[in-house]
Amino acid sequence: MRQWTIDAFASAPFKGNPACVVEPFDVWPSDAWMQALAAENNQAETAFLLKTADPARFGLRWFTPAREAPLCGHATLASAHALFAELGVDVEVLAFDTLSGELRVRRDGERLEMDFPANPPGRVEIPAGLADALGAPVVEAWAGAYLVAVLEDEAAVRRLEPDFAALNRVESSATDGKGQVIAVALADAGRPYAVVSRFFAPAAGIPEDPTTGSAHCILMPLYGDKLAKDALEFHQAYPGRGGDLSCESRGARVILRGRGLTVVESRLRVEPA
């Protein structure tokens with residue numbers, strides 16, 4: 001059984017966010033086996049696909065090294081890239097059945113376009129200990145699936161060196177609970193993107209995620225309202241890599257666009273259980 005490591009939302013190899021994608025199964029392996037493989041891969045997510053009678057539809061599940069994820073953008077993009085580019089699936093639109101409902105992906109030139117549920121956040125009080133855990137002043141706090149910490153400027157986002165143990169203790173009204181925080185600010189003038197962010201998720205076994213599609217289901221509605229824009233360019237500033245997303249608000253949905261690049265093809269030597 002083959003597995004690919006694919007850089008998602010990448011401008012070049014070794015940029016964006018790597019995800020492992022396993023060749024589609026006829027039946028789901030056990031949760032324990034999928035979790036063990038995800039821990040072995042030690043990437044932010046490993047994606048598992050299930051064949052259906054429809055060649056354009058697949059089951060899709062995502063596992064971090066520590067737990068199953070309810071939604072993952074970069075591993076969805078990586079899964080679609082694997083199906084289109086590595087397995088030659090010849091359909092106009094891929095449909096994925098997931099814990100977050102149906103997700104659809106289509107080709108958009110060299111990029112892939114993903115149709116995800118929007119997650120507009122609500123303004124909240126800045127949680128006690130958040131600024132200390134991040135090591136920077138927090139201007140505003142918002143909560144959707146994740147806690148959003150708005151910082152003063154791009155430089156503040158880029159120089160963060162969080163205390164992950166302290167971040168894991170910050171109480172949050174975000175629906176996925178504490179220990180998952182987006183730090184974000186408006187980009188410096190002259191940048192090719194409008195908003196810059198980083199995402200820390202020690203509660204999910206991911207101290208920092210290189211590029212996070214699900215975070216932009218929160219950030220696009222938030223900054224679309226702040227900037228009165230229906231479409232924006234975003235950059236996630238993971239040190240040494242970074243990822244780029246083009247996002248668009250469409251009512252209850254968010255469109256995420258980015259590239260996928262295969263960097264490794266490997267073969268599993270263990271049978272699924």
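Source: prediction; values computed, not measured.
Of all the heavy atoms in His235 and Gly243, the pair that sits closest is ND1-O, 3.2 Å. Considering every non-hydrogen atom in both Lys178 and Ala203, the closest pair reads O-CB, 3.4 Å. Of all heavy-atom pairs spanning Ala149 and Leu130, the tightest one is CB-CD2, 4.0 Å. Between Ala56 and Val93, the closest heavy-atom pair is CB-O, 3.6 Å. Of all heavy-atom pairs between Leu261 and Ala10, the closest is CD1-CB, 4.1 Å. The shortest heavy-atom contact between Pro70 and Asp176 is CG-OD2, 4.0 Å.
Under the 4.5 Å side-chain criterion, counting only non-hydrogen atoms from C-beta, Trp62 is not in contact with His74. Contact check for Glu113 versus Ser246: no side-chain heavy atoms found under the 4.5 Å cut-off. Side-chain contact between Leu37 and Val270 is absent, with no heavy-atom pair separated by less than 4.5 Å. In this structure, Arg61 and Leu99 have side chains that are not in contact, with every pair of non-hydrogen atoms separated by 4.5 Å or more. Residues Arg253 and Pro117 are in side-chain contact: their nearest non-hydrogen atoms beyond the backbone lie under 4.5 Å apart. A heavy-atom distance below 4.5 Å is not found between the side chains of Thr5 and Ser266. The closest side-chain heavy-atom distance from Leu222 to Val195 is not below 4.5 Å. Within the 4.5 Å cutoff, no side-chain heavy atoms of Tyr238 are placed close to those of Asp209.
The local environment of CD in Glu152 is sparse, with at most 12 non-hydrogen atoms from other residues, nucleotides or ligands closer than 6.0 Å. Around the NZ atom of Lys226, the shell of radius 6.0 Å holds more than 12 heavy atoms that belong to other residues, nucleotides or ligands. The local environment of CD in Glu265 is crowded, with over 12 non-hydrogen atoms from other residues, nucleotides or ligands closer than 6.0 Å.
Note on Val22 and Leu83: separate hydrophobic clusters, where clusters join Ile, Leu, Val, Met, Phe, Trp and Tyr whose side-chain heavy atoms are under 4.5 Å apart, directly or indirectly. Cluster annotation: Val124 is not connected to Ile182 through the hydrophobic network of ILVMFWY side chains, with a link wherever side-chain heavy atoms come within less than 4.5 Å. Val184 and Tyr193 fall into different hydrophobic clusters, where Ile, Leu, Val, Met, Phe, Trp and Tyr are joined by side-chain heavy atoms under 4.5 Å apart, directly or via other members. Residues Ile6 and Leu71 share a single hydrophobic cluster, defined by chaining ILVMFWY side chains whose heavy atoms lie under 4.5 Å apart. No chain of hydrophobic side-chain contacts below 4.5 Å, direct or via other Ile, Leu, Val, Met, Phe, Trp or Tyr residues, connects Val181 to Val148.
No donor-acceptor distance shorter than 3.5 angstrom exists from the side chain of Glu233 to the backbone of Pro192, with no hydrogens or angles considered. At least one donor-acceptor pair closer than 3.5 Å links the side chain of Arg198 to the backbone N or O of Arg158. Remark: the backbone N or O of Ala273 is paired with a side-chain donor or acceptor of Ser30 at under 3.5 angstrom. Looking at Asn119, its side chain never comes within 3.5 Å of a backbone N or O of Gly144 through a donor-acceptor pair. Proximity of a side-chain donor or acceptor of His81 to a complementary backbone N or O of Gly260 within less than 3.5 Å is detected. A donor-acceptor contact shorter than 3.5 Å is absent between the side chain of Thr98 and the backbone of Leu60. Between the side chain of Glu23 and the main chain of Arg2, a donor-acceptor pair closer than 3.5 Å is present. Between the side chain of Arg257 and the backbone N or O of Asp108, no donor-acceptor pair lies under 3.5 Å. Proximity of a side-chain donor or acceptor of Trp142 to a complementary backbone N or O of Pro120 within less than 3.5 Å is not detected.
A salt bridge does not link Asp115 with Arg250: every distance from a Lys NZ or Arg NE/NH1/NH2 to an Asp or Glu carboxylate oxygen is 4.0 Å or more.
One distance of note links CG of Leu167 with OG of Ser172; it measures 10.0 Å at 0.5 Å rounding. Rounding to the nearest 0.5 angstrom, the gap separating the CG atom in Leu245 from the CE atom in Met114 is 7.5 Å. Here the straight-line distance linking atom OG of Ser197 with atom CD1 of Ile218 works out to 10.5 Å at 0.5 Å rounding. For the atom pair CZ of Arg159 and CD of Glu154, the computed distance is 11.0 Å after rounding to the nearest 0.5 Å. In this structure, CZ in Phe48 is found 6.5 Å from CZ in Phe63, a value given to the nearest 0.5 Å. Atom CG of Leu49 is separated from atom OG1 of Thr76 by 9.5 Å, given to the nearest 0.5 angstrom.
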Step-by-step side chain to side chain contact (heavy atoms under 4.5 Å, CB included) determination, Gln3 to Asn41: CA-CA 10 Å; Gln3 176 178 269; Asn41 286 331; 3.1 Å; yes
Chi angles and distances behind the side chain to side chain contact (heavy atoms under 4.5 Å, CB included) call for Phe9, Thr212: CA-CA 9 Å; Phe9 301 116; Thr212 313; over 6 Å; no
Worked check of side chain to side chain contact (heavy atoms under 4.5 Å, CB included) between Phe58 and Phe96: CA-CA 5 Å; Phe58 294 83; Phe96 295 108; 4.0 Å; yes
Step-by-step side chain to side chain contact (heavy atoms under 4.5 Å, CB included) determination, Phe200 to Leu134: CA-CA 10 Å; Phe200 308 105; Leu134 288 172; 4.2 Å; yes
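Paired with Asp7 under the rule side chain to side chain donor-acceptor pair (under 3.5 Å), one option of Arg241, Lys15, Arg259 passes, and it is Arg241.
Checking Glu86 against Thr262 by side-chain atom types alone, a donor-acceptor pair falls below 3.5 Å.
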